[in-house]
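In what follows, a single structure is set out as structure tokens and then discussed.
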Amino acid sequence: MPIRAEEPSAWKKHVINHRSPFEAVGVADLNADGKPDVFSGDSWYAAPDWTQHKVRDVSPGTNPHYHEDFADAPLDVNGDGKTDIVTCAYFSRRISWAEQPADATQPWPEHTIDTPGSMETAYLVDLYGDQTPVLIPNVGGQVLLYELVSRSPTVEWTTRTLAPEGAGHGVGHGDINRDGRLDLITPMGWYEQPAERTVAWAFHPDFQLGTASVGILGHDFDGDGDTDVVWGMGHDFGLHWLKQSTDAEGKRTWTKEAIDESFSQVHTLHLADFDGDGEQDFVTGKRIYAHASEPGATAEPCLFLYRFDRPSSTWIKQVVYSGDPAPLAPLNPEERDAMKDFRPGSAGTGLQMAIHDLDGDGDLDIVAPGKSGLYWFENPRIALKP
């Protein structure tokens, strides 16, 4: 599948905290002043000057290259009108929520939801289309859904356990069979959402994606009426898609093609309309030191936008950010440190990005955390021309 690279665009990088080591991020108006603020790790940052407020302690994991902040999902959990943060951790195996107090600059108490196992990350989605927040964690060896069923007078989450056949590194969603319901996509296939919630989700082992990203995107990229799948290799080189088709017997088929194999550690992808043309693009990039020992770990940090141009059947790539490699990084991966090895101001994707109109100008910006700092990229709204 051909890919066409555009010239570097006018996306502008802004520094929120170049010393932040955390890899998760969420955006919400936390102080009720009408401006979107940024939450990452142990702190939130007040717009527009990004004043830092440390509100909780986040410890390093048992591996000191990581911190116990693998997701920061904004949600008013207890229904008091203030935005809280749903988070998860790999080493302590905990899902919890940090409660915003009356004064948002004071410590945020944390409440455990569950301890299901080590998690790569987690995200919130309206899975059922009824405004019920559902947390989808990527738990090792398990496929779990957490539904917020009560906010007040007590907070209650219900856990739904799906058959484990699809469990693996990576998770996402999309309406695979075009029945109007979101399905769950995993590295081993997809789970079909039933019409009734009490019915088991049927698993379809249609494909194997390997060590995949979070999310795995389900979307009709080529406009032929069925849902395709896009994912990145979280711990290797490669960004790929599966084109869905139907054979002569009406059976669903999948054709795998590479989109871009020029960079590694493609850990997170986000779907959105960045250029305002009514079509969905996606953003991804390198998770700096996903593992410091991996192929391409010390190569250039980067963020890219991709759009599928349907008339030419071409993926169009736009540079949001491209930095410098870390050629003087220690040969021993255990001695590597992103803050020291890469130039100050180097940006990557971390485990999450936040897509939000941060400056209120009507287009979507990108907030990117990671081991080398916390940054936001201002959208110039320059169309990705075919």
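- Rounding to the nearest 0.5 angstrom, the gap separating the CD atom in Gln265 from the CZ atom in Phe237 is 8.5 Å.
- In this structure, the side chain of Trp44 engages the main chain of Ala104 through a donor-acceptor pair within 3.5 Å.
- To the nearest 0.5 Å, atoms NE2 (His65) and NZ (Lys371) are separated by 9.0 Å.
- Linking Ile, Leu, Val, Met, Phe, Trp and Tyr residues whenever their side-chain heavy atoms come within less than 4.5 Å places Leu184 and Val134 in a single cluster.
- Of the residues listed (Tyr123, Trp190, Tyr191), the one engaging His173 in a ring-ring contact (aromatic ring centres under 6.0 Å, His included) is Tyr123, and it is the only one.
- Using a 3.5 Å distance cut-off with no hydrogens or angles, the side chains of Trp254 and Asp206 do pair a donor with an acceptor.
- Counting only N and O atoms by type, the side chains of Asn63 and Tyr90 include no donor and acceptor under 3.5 Å apart.
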**Request:** Show the numbers, then the answer: is there a salt bridge (Lys or Arg N to Asp or Glu O under 4.0 Å) between Asp72 and Arg56?
**Result:** CA-CA 13 Å; Asp72 289 327; Arg56 64 180 186 138; 3.4 Å; yes
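- Judged by distance alone, the side chains of Glu257 and Trp241 do bring a donor and an acceptor atom under 3.5 Å apart.
- Residue pairs meeting the salt bridge (Lys or Arg N to Asp or Glu O under 4.0 Å) criterion with at least one partner in residues 32-44, sequence neighbours excluded, do not occur; the list is empty.
- The closest side-chain heavy-atom distance from Val171 to Val143 is not below 4.5 Å.
- Nearest heavy atom pair, residue Ala24 against residue Asp69, reads CB-OD2, 3.5 Å.
- When only modelled atom types and interatomic distance are considered, Glu147 and Thr132 share no side-chain donor-acceptor pair under 3.5 Å.
- Hydrophobic clustering of Ile, Leu, Val, Met, Phe, Trp and Tyr side chains at less than 4.5 Å, counting indirect connections, keeps Val77 apart from Trp108.
- By the 6.0 Å contact criterion, CD on Gln208 is open, its count of non-hydrogen atoms from other residues, nucleotides or ligands being 12 or less.
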